[in-house]
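Notes to accompany the following structure.
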Amino acid sequence: MALRIFNTATRQQELFVTAQPKVVRMYVCGLTVYAPMHIGHARTYCFWDTFRRWMEYRGYHVIGVINYTDIDDRIIAGGEGGLGCVDLAERMIAGFRRDCRALCIKDYAAYTRATDFIEEQVSMVARLIEKGHAYVQDGEVFYSVSSFPRYGELSRRAVDELEVGASGRVEEDVARKRHPADFTLWKPSEPGKPAWSTGHEAWPSGRPGWHIECSAMSTALLGEHFDVHGGGIDNLFPHHENEVAQSEPLCGHPWVRYWLHPEHLDLRGVKMSKSLGNVVGVPDLLARHTADEVRWFYATHHYRTKLPFGWDLLEQAAAGYARIKRLVDVLAEKLVTASCTGAALPLGDYSSQREPEHRAARLRHTFTSGAFAELSEKFIEKFAAAMDDDLNAPEAMAAMFDYVNKLYAAGVESRTDAADLLPAYRCLTAHLAVFGVEVARPELYPELCVDYAVPPTTAAAAGRGGDGVVDKLLTMRTEARKAKDFAKGDMIRKLLIEAGVEVEDSPQGTRWSAK
RNA sequence: GGUGAGGUAGCCAAGUGGUUAGGCAACGGUUUGCAAAACCGUUAUACGCGGGUUCGAAUCCCGUCCUCACCUCCA
């Protein structure tokens, strides 16, 4: 079993082999920070997070870099409205970080700002001019598309056909360009607008064009050859095409090994735009659904297909997830009350050295023991095969549903032995975590929780807190039911349901969950 | 105009030549004081339409209809 991923550069699934064993160097195109992140961005970055988590599950160390493009026309325009460019950008960056944490996206190794790498960009532009890949025109530097024969290869576009789609904005510059597809590497700034000195006579000051920052920053942090580069599908052309054109002539060899492009959201005919005022931000999303529900929803579709977005579809996904979450909660409650400390989990060992792609999660032995060991093994096998097949999350989820169904069918709810329950609990939560669904309780699985995007510090953080009122009402209800006063018992239940508390009776007692 | 993706049961969605994908919803049954949850079953031998290849097609080929995206800033 080996990991295969779809490489946009070849339009094929390829065996995933990193340049350096056990290490994945990955660069993700981040946001142009002029507006807050919305649900579309969230899908993209949740995918990258799942990708990263799957690499880690497979035993790789992921060195991830993500950037902020913090200088651009829209930022300059936005900065004019009283908020300076820098303050606007920094505010958006803070919002992005906050939203990512809220969605349980794990931190990257580095978050780079385009304006922190001006020197590197200037140097790159200068070298492109030297090598004849760029030219200066009235203080502006253009990249010469015809100097790079492979231009258009990544996005499969014929350069000459690009003329047809030329917009008004492109026509403005067309007279000054040698080829209509030539793009800006450096441009002079208008008076009073952010500008940097270059030390070059023909293009003394100004600011970098879009594209060059990603070439410069990825190379600065990850070197001249790295494993994975990507961003939303919209970046394929022109952004990534241009990045390749800028980078390969300078490094002199193929630059990026695997290109990945997650698809966009399909808003089902509704345009989401600032002017319509219907942009759904991450806080809007989290006001209606929990982070684990949102992450589950994002994982319900393959990353290379459009994800239809609608509140109804989110509800549908959440209903399915509830079935899995319930089992996680039931197991946790049993384990907490049954004092799982005595559970004899097998010890791990270092018996073999294996390549990352052949290595399962380090703590696998802690969830493949006990009464459900065989079910767990089969589940892991199916889950891993699906994820190894170009991150086929929907199929992996199907395997999880199957696993949960079989656990129920095998009578997991009536078990009391922690040696059986704890491994199943760990197996479920460890694989949920691949999707960014972080629901394990630290006291039951500290080794997993410590690695969460936002490690929970108390039991209450992962489960429900001390709700004394609910417990008291349920005690009253239980007493009423014992006394056959069902009218009173039902009244209490009705009140609780109206307050958003689901009540379930079972031979083992009554459990509740917040809805 | 050019390029690409896709149309799979009421809804969502995997699957790309041959064994029930899976989930949601609805309904029936078991269970329950009644519910909820769980379990069993039904909706469901589904693959836009028309041909062709094949022992066999959702999957390959030809044609056709429809939807969407991109080609200009976009995750």
Side-chain angles (χ1 to χ4, degrees), chain A residues 11 28-32 34-35 37-48 66 69 72-74 96 152 155-158 160-171 181 210 230-239 261-269 272-273 296-297 300-302 304-308 310 312-324 326-327 329-330 382 386 389 392-405 407-414 481-482 484-487 489-490 493-494 497 502-507 510-513:
Chain A
R11 311 284 148 130
V28 176
C29 282
L31 291 176
T32 300
Y34 71 100
M37 165 183 186
H38 58 63
I39 48 173
H41 304 122
R43 188 212 183 177
T44 298
Y45 298 116
C46 287
F47 161 72
W48 283 108
I66 188 165
T69 299
D72 134 287
D73 287 341
R74 288 163 299 176
F96 174 79
S155 60
R156 303 273 160 103
R157 258 158 243 247
D160 297 333
E161 277 164 16
L162 296 176
E163 292 180 52
V164 180
S167 72
R169 184 181 156 182
V170 171
E171 275 162 25
W210 184 41
I233 183 71
D234 50 289
N235 282 144
L236 178 54
F237 186 87
H239 187 53
H261 292 97
E263 252 293 353
H264 275 188
L265 240 45
D266 172 8
L267 295 161
R268 301 201 289 184
M272 192 172 71
S273 78
W296 181 267
F297 169 71
T300 55
H301 293 60
H302 187 95
R304 286 190 289 112
T305 67
K306 285 185 189 68
L307 167 62
D312 54 330
L313 296 176
L314 232 162
E315 295 291 346
Q316 220 179 71
Y321 168 69
R323 185 181 162 71
I324 289 176
R326 178 182 177 272
L327 181 56
D329 289 343
V330 166
K382 275 198 198 164
D389 180 20
N392 194 337
E395 204 169 296
M397 292 167 114
M400 189 174 283
F401 275 114
D402 199 44
Y403 179 54
V404 167
N405 291 342
L407 285 174
Y408 274 128
V412 73
E413 278 197 89
S414 55
R481 290 174 68 225
K482 268 186 196 159
K484 303 278 179 195
D485 187 354
F486 294 121
D490 289 351
R493 180 171 63 193
K494 194 173 164 230
I497 289 170
E502 298 280 319
V503 178
E504 283 180 38
D505 296 324
S506 77
T510 300
R511 70 179 292 273
W512 65 271
S513 52

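Below, read A as the first sequence line, B as the second, and so on, with proteins coming before strands; counting in each chain starts at 1.
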Generate the contact string for nucleotides 5-10 of chain B. Rules: B means base contact, S means sugar-phosphate contact only, - means no protein heavy atom under 4.0 Å.
------
Interatomic distance where OH belongs to A:Y34 and C1' belongs to B:A75 [whole Å]:
10 Å
Between protein and nucleotides 27-38 of chain B, map the contacts as a letter string: B base, S sugar-phosphate only, - none, heavy atoms under 4.0 Å, written 5' to 3'.
------BBBBSS
Where protein sits on nucleotides 15-21 of chain B, one letter per nucleotide: B base, S sugar-phosphate only, - none, heavy atoms under 4.0 Å
S-----B
Describe the nucleic acid contact of A:L236 in one word from base, sugar-phosphate, nothing, applying a heavy-atom distance below 4.0 Å.
nothing
Can you tell me how far P in B:A44 sits from the matching atom in B:A9, rounded to whole Å?
11 Å
Any side-chain N or O of A:W296 less than 4.0 Å from the OP1 or OP2 oxygen of B:G23?
no
From CZ of A:R43 over to C1' of B:C74, roughly how many Å is that when rounded to an integer?
16 Å
When all nucleic acid strands are considered with a 4.0 Å heavy-atom cut-off, which category describes A:Y45: base, sugar-phosphate, or nothing?
sugar-phosphate
Given B:A14, is OP1 or OP2 found less than 4.0 Å from the side-chain N or O atoms of A:T305?
yes
Between A:R493 and A:D490, does any NZ, NE, NH1 or NH2 come within less than 4.0 Å of an OD or OE carboxylate oxygen?
yes
Under 4.0 Å between a side-chain N/O of A:H264 and OP1 or OP2 of B:A75, yes or no?
no
Would you kindly give the CD1-to-C1' distance between A:I233 and B:G4, to the nearest whole Å?
9 Å
Polar atom pairs (N or O), protein with nucleotides 58-61 of chain B, under 3.5 Å:
none

Identify whether any heavy atom of A:D72 sits under 4.0 Å from a base atom; if not, whether one sits that close to sugar-phosphate; answer base, sugar-phosphate or nothing.
nothing
With a cut-off of 3.5 Å and sequence neighbours excluded, list every side-chain donor-acceptor pair involving residues 230-239 of chain A.
from, atom 1, to, atom 2, distance (Å)
A:D234, OD1, A:H264, NE2, 2.5
A:H239, ND1, A:H211, ND1, 2.9
A:H239, NE2, A:E243, OE2, 2.9

Can you give me the dot-bracket string for RNA chain B, 5' to 3', counting Watson-Crick and G-U wobble pairs with both distances under 3.5 Å, using [ ] for crossing pairs and | for partners on another strand?
((((((((.[[[..)..(...]]].(((((.......))))).....[[[[[..)....]]]]])))))))....
Of the nucleotides B:G22, B:C71, B:A75, which has the atom closest to the A:H41 side chain?
B:A75
